[in-house]
Amino acid sequence: SEMGHLPIGCDPSLGMLSQAKGSQKLSNLTQGNGQDLPFSSGSFRTVTCIEVTRWLPKDIERATIAEIYRVLSPDGYALVSFAPSINNRLYNFGYHVSALLRTGHRATVRQYHHSAKAVEELFISSGFKDVHVEARFFGPFWYIQRLFPRQVSRVLKRWEPFDRKLARVRGVRNLSNVFVVAARKT
């Protein structure tokens with residue numbers, strides 16, 4: 001809102017909305033889910049959806065991307081994050097191994113992971129144009145953040161140029177920690 005934008009938050013959980021209202025400068029919060037957004041068609045110039053898709057089964061994910069497309073104005077942009085299938089934290093691998101071994105050391109909520117190609121195809125099939133899938137955070141930041149929290153900012157600044165170069169290497173980008181999709185509605 002400081003830059004002239006009016007942010008609006010949407011979440012299916014009243015508890016999460018209450019938490020968001022208490023911790024942020026957001027007053028425009030509404031309850032709703034991604035596959036049936038409570039907004040008129042063409043309502044937004046930009047829609048962001050960060051750290052949501054990893055929790056959505058494929059059918060709900062596809063419906064959510066279609067809804068994002070619907071609520072965007074012509075030439076509007078979507079910025080959406082996705083969890084890569086293989087990443088340098090090996091989370092997806094560890095999740096499946098612990099499930100097979102029934103160790104009880106895994107999250108009880110399933111997470112869904114993607115390849116860069118699958119994410120791109122999802123957006124194109126939903127009608128988006130100018131779809132760009134950016135891979136980010138190849139470095140061991142998750143570990144650095146936990147072991148040396150005061151060093152993260154300095155390490156990130158030094159790492160960014162190398163991270164950008166790695167993101168452009170097609171065969172390597174699926175090893176990133178996150179995909180960020182920027183796509184335009186036509």
Side-chain angles (χ1 to χ4, degrees), residues 1-11 20 24 26 28-30 32-89 91-92 111-139 141-142 152-153 156-157 159-186:
S1 63
E2 297 155 0
M3 299 175 73
H5 304 286
L6 180 62
I8 298 173
C10 183
D11 196 281
Q24 301 292 325
L26 291 175
N28 297 310
L29 298 169
T30 187
N33 63 56
Q35 65 267 32
D36 188 24
L37 292 170
F39 307 108
S40 300
S41 296
S43 297
F44 300 99
R45 177 87 175 106
T46 304
V47 173
T48 60
C49 182
I50 307 301
E51 288 300 311
V52 173
T53 60
R54 74 171 56 231
W55 309 105
L56 303 178
K58 299 295 181 197
D59 58 330
I60 294 174
E61 174 190 78
R62 184 168 291 286
T64 298
I65 300 305
E67 274 294 280
I68 289 172
Y69 185 87
R70 181 186 68 78
V71 301
L72 278 171
S73 62
D75 288 326
Y77 280 90
L79 299 169
V80 183
S81 69
F82 288 84
S85 298
I86 305 167
N87 65 40
N88 61 24
R89 284 179 50 199
Y91 181 84
N92 194 28
Q111 290 192 36
Y112 299 86
H113 300 83
H114 304 77
S115 70
K117 181 84 172 143
V119 169
E120 183 177 35
E121 289 171 356
L122 171 64
F123 276 78
I124 290 169
S125 70
S126 297
F128 284 93
K129 302 291 182 214
D130 299 329
V131 177
H132 302 279
V133 179
E134 293 289 324
R136 287 292 179 252
F137 307 120
F138 288 92
F141 302 114
W142 186 80
V152 172
S153 179
L156 271 174
K157 285 179 184 173
W159 180 265
E160 272 185 29
F162 186 63
D163 194 68
R164 274 196 289 283
K165 288 177 186 174
L166 280 176
R168 292 186 186 107
V169 179
R170 248 194 179 344
V172 176
R173 68 183 185 164
N174 283 318
L175 299 174
S176 69
N177 286 320
V178 67
F179 294 134
V180 179
V181 178
R184 184 173 60 90
K185 177 180 179 176
T186 56

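What you are looking at is a predicted structure, and each value in this text was computed from that prediction instead of being measured.
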[atom1]-[atom2] distance between [X] and [Y], expressed to the nearest 0.5 angstrom:
X: Thr48; Y: Ile68; atom1: OG1; atom2: CD1; answer: 8.5 Å
X: Tyr69; Y: Thr186; atom1: OH; atom2: OG1; answer: 4.5 Å
X: Phe82; Y: Ile65; atom1: CZ; atom2: CD1; answer: 4.0 Å
X: Asp130; Y: Lys185; atom1: CG; atom2: NZ; answer: 14.5 Å
X: Leu79; Y: Thr46; atom1: CG; atom2: OG1; answer: 6.5 Å
X: Glu67; Y: Cys10; atom1: CD; atom2: SG; answer: 10.0 Å

Has Lys117 got more than 12 heavy atoms of other residues, nucleotides or ligands less than 6.0 Å from its NZ?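 Not buried by this count: 12 neighbours or fewer within 6.0 Å.
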Quick one: does Arg62's side chain get under 4.5 Å of Ser125's, heavy atoms only?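 Yes; the side chains approach each other to less than 4.5 Å.
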Would a 4.5 Å heavy-atom cut-off, applied to side chains only, mark Glu120 and His132 as touching? no
Sort and list the pairs that fulfil salt bridge (Lys or Arg N to Asp or Glu O under 4.0 Å) and have at least one residue in residues 74-85, not counting sequence neighbours.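 Output for this query lists Asp75-Arg184.
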Without hydrogens or angle criteria, can the side chains of Arg70 and Ser41 be said to hold a donor-acceptor pair below 3.5 Å? yes
Salt bridge present between Arg54 and Glu51 (N-O < 4.0 angstrom): yes
At their closest point, which heavy atom of Ser176 faces which heavy atom of Pro84, and how far apart are they? O-CG, 3.2 Å
Ring centres of Phe123 and Phe128 under 6.0 Å apart?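 When the ring centroids of Phe123 and Phe128 are compared, they turn out to be within the sub-6.0 Å range.
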